[in-house]
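Here's the structure, in C-alpha cells; my notes come after.
In listed order, ligands and their atoms are each counted from 1.
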Amino acid sequence: MKKRIAIFISGRGSNMEAIAGQARDGILRDVCEIVLVFSNRPDAAGLKIAENMGISTACIPSAGKKRGEFDRDVLQLLQPLNIDLIVLAGYMRLLSPVLIRAYPDRIVNIHPADTRAYQGIDAYAWAFDNKLPKTYITVHFVDEGMDTGEIIAQRELNIKGLKTLEQIEEKGLALEHEMYSEVLRDLCKNT
Ligand code: GRF
C-alpha cells in the first residue's frame with residue numbers, strides 16, 4: 001500500500017516540488033502519494049507550484065492564532081484524509097502536542113545543519129558566518145522542540161572554498177532535494 005503523505009510548507013516550496021516530482025514519476029512513485037500540500041501562509045509560493053502539479057492544496061492562516069488552537073484546526077483538516085506521514089518542508093512553525101501526539105513518529109523535517117550543532121532558521125548563514133569547511137543536512141523526526149527530534153539521516157555538505165552564502169545555499173538545496181526523497185523512500189518502505 002502506498003503511504004499517504006501531507007507536505008507542510010510556509011514559503012518557496014522547492015523541497016516539496018522535488019518530493020512531489022519523485023512521487024509522480026521517480027523514486028517515490030511506487031511507495032507514496034502526495035495527498036495534500038498544506039500551508040500556514042496564504043502567500044506561500046509553493047502552493048501555486050503544487051496546484052500546477054495537480055496536487056490538492058489547503059491553507060489555514062496561522063497569523064495571530066495560538067499554537068494549540070491552530071493545530072486543532074489542522075488536525076481536523078487532516079483526519080478525513082488518512083495521512084500516514086507528515087513531511088515538513090520549510091514549514092516555519094513549531095508543532096504543538098496536539099499534532100505530535102496524533103502522529104507519533106510520523107512527522108519528519110529537513111534541517112540544513114547538524115541539528116545537534118545548530119537549530120532554527122538561517123542555518124546556511126550560520127555555516128557561512130562561522131567559515132565552516134563542511135556542514136550537514138539532517139532529516140529528523142519532529143518533536144515539540146525546534147529541530148530537536150531524533151535524527152533519521154544526515155548527509156555531509158562540503159562547502160570549503162565556496163565564496164558566498166548564495167553558493168552554499170545552492171549546493172545545499174540540491175543535496176536537500178536529492179536526500180529528502182531518498183530518506184522518505186526508505187521510511188515509506190520500512191514503516
Ligand atoms: C530549506 O533549506 C529547508 O531545509 C529549511 O527551509 C528551507 C525551505 O526551502 N527547513 P523550500 O521552501 O523547500 O524551498
Output block, N or O contacts of ligand 1, threshold 3.5 Å exclusive:
| from | atom 1 | to | atom 2 | distance (Å) |
| --- | --- | --- | --- | --- |
| ligand 1 | 2 (O) | Glu176 | OE1 | 3.3 |
| ligand 1 | 2 (O) | Glu176 | OE2 | 2.9 |
| ligand 1 | 4 (O) | Glu176 | OE1 | 2.6 |
| ligand 1 | 4 (O) | Glu176 | OE2 | 3.3 |
| ligand 1 | 9 (O) | Arg12 | NH2 | 3.0 |
| ligand 1 | 10 (N) | Ile110 | O | 3.1 |
| ligand 1 | 12 (O) | Gly13 | N | 2.8 |
| ligand 1 | 13 (O) | Ser14 | N | 3.4 |
| ligand 1 | 13 (O) | Asn15 | N | 2.9 |
| ligand 1 | 13 (O) | Asn15 | ND2 | 3.0 |
| ligand 1 | 14 (O) | Arg12 | NE | 2.6 |
| ligand 1 | 14 (O) | Arg12 | NH2 | 3.1 |
| ligand 1 | 14 (O) | Ser14 | N | 2.8 |
| ligand 1 | 14 (O) | Ser14 | OG | 2.5 |

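- Closest approach of Ala58 to Leu47, counting heavy atoms only: O-CD2, 4.1 Å.
- Phe8 pairs by the ring-ring contact (aromatic ring centres under 6.0 Å, His included) definition with Phe38, Tyr91, not counting sequence neighbours.
- Residues in residues 4-13 take part in these side-chain hydrogen bond (donor to acceptor under 3.5 Å, both in side chains) pairs, two or more places apart or across chains: Ser10-Asn40.
- Counting only N and O atoms by type, the side chains of Asp143 and Thr148 include a donor and acceptor under 3.5 Å apart.
- Enclosure of atom CZ in Arg41 is not indicated, since only 12 or fewer non-hydrogen atoms of other residues, nucleotides or ligands lie within 6.0 angstrom.
- Taking the side chain to side chain contact (heavy atoms under 4.5 Å, CB included) definition, one finds that Asp25 meets it with nothing, sequence neighbours left out.
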